[in-house]
Amino acid sequence: MKLITWNVNSVKSRLARTKELLLRHRPDVLALQELKVSDEVFPSSEFQELGYRTAVHGQSGRNGVALLSRRSMTDVAEGFAGDPVPDQARVVAATVDGIRVVNLYVVNGRAVGTSDYELKLRWLDALGAWIRAEHDPRDPLLIVGDFNVAPDDRDVHDPVLWRGSNLCSEAERERIGSLLDWGLVDLLRLQSAGPGPFTWWDYRAGAFHRGWGLRIDLALGTPAVAERCTEVLVDRDERKPTSGEGKPSDHAPLVVNLR
DNA sequence: ATGTCACTTTACAAGTGA
């Protein structure tokens, strides 16, 4: 099974590039974040024409997540029990080929010390509690998406500059660490010791061109999934302004191959 | 830190969030 996770930063602005991505990689599953559209406006028929079923948890203007799949999806679920902000569309899950796929868009947090950051920590705590309560590390589980956390210094172009900042702070990293302690494996790190690769570059200050990136888009799998993992890579070309129709997202897609 | 982008409101710009 081939799965791609990508924060598109508006599915409307990225529709042509998303279709190109599907035709280029032909993934079995595409997990999208930051749709910025309601369910009614989500372009399901455009993806159905390419052979994909859709499970959409949309929201007008902000957030929004979707799963596209060439194979049937069962037990589709939106949100999670205990979400401190259940009105925000940040989680959609489905079972594909016996694997429970959970697609996340984690609260950004804006800056350490703000109320947004405190919400981010509460949200990650609630997510972790839900995962531990409703899932079993012995089952095939794959949690993907925009985690808005760089798990350690290998995931940051300049760890000294970023030390303690939002996306890199210890409190956020502890929350990711507790998911790994529970039994999830960071699939990219099976393939690449780092530093890098990165998945996100700020739009400002020519960050992509200068290599100022972070790895905040992750694929975490239980051992049953990790042992099937043959390849994980970042489609860095997708982040280039020149490599598709219209402008790029600020995130690059993360591609995961399972045996 | 910031050479940006996409959204919304009531709109022909400014504020917000990332």
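Sequence lines set the chain letters: A, B, ... in the order given, protein chains first and strands last, and positions in each chain run from 1. All values derive from a computational prediction rather than experimental measurement.
Under the salt bridge (charged side-chain N to carboxylate O under 4.0 Å, His left out) criterion, Glu238(A) pairs with Arg17(A), Arg24(A), not counting sequence neighbours. Here Asp125(A) pairs with Arg175(A) under the salt bridge (charged side-chain N to carboxylate O under 4.0 Å, His left out) rule; sequence neighbours left out. Not counting sequence neighbours, Arg62(A) has no partner by the salt bridge (charged side-chain N to carboxylate O under 4.0 Å, His left out) test.
dT10(B) sits 16 Å from dG17(B) when the P atoms are compared, rounded to a whole Å. Comparing the C1' positions of dC12(B) and dT8(B) gives a spacing of 15 Å, expressed to the nearest Å. Only the P atoms considered, dT16(B) is 16 Å distant from dA11(B), to the nearest whole Å.
Between the NZ atom of Lys240(A) and the P atom of dT4(B) there is a distance of 21 Å, given to the nearest Å. Atoms CZ (Phe208(A)) and P (dC5(B)) sit 14 Å apart, rounded to a whole Å. One interatomic measurement links the two molecules: CH2 of Trp212(A) to C1' of dA1(B), which rounds to 7 Å at whole-angstrom precision. Rounded to whole angstrom, the span from the NE2 atom of His157(A) across to the P atom of dT2(B) amounts to 14 Å. Between the P atom of dT2(B) and the CG atom of Leu161(A) lies a distance of 11 Å, rounded to the nearest Å.
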Sequence neighbours left out, cut at 3.5 Å: what donor-acceptor pairs do the side chains of residues 73-84 of chain A make with other protein atoms?
unit_1: Glu78(A); atom_1: OE1; unit_2: His57(A); atom_2: ND1; d: 3.3
unit_1: Asp83(A); atom_1: OD1; unit_2: Val85(A); atom_2: N; d: 2.8
unit_1: Asp83(A); atom_1: OD1; unit_2: Trp123(A); atom_2: NE1; d: 3.1

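When heavy atoms are screened at a 4.0 angstrom cut-off, Trp201(A) is found touching no nucleic acid atom at all.
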key: Letter per nucleotide, 5' to 3', of nucleotides 6-18 of chain B [B base touched, S only sugar-phosphate touched, - untouched; heavy atoms, 4.0 Å]   = SSS--------SB
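The list of ring-ring contact (aromatic ring centres under 6.0 Å, His included) pairs with a residue in residues 215-242 of chain A, not counting sequence neighbours, is empty.
There is a side-chain donor-acceptor pair under 3.5 Å between Ser169(A) and Glu172(A).
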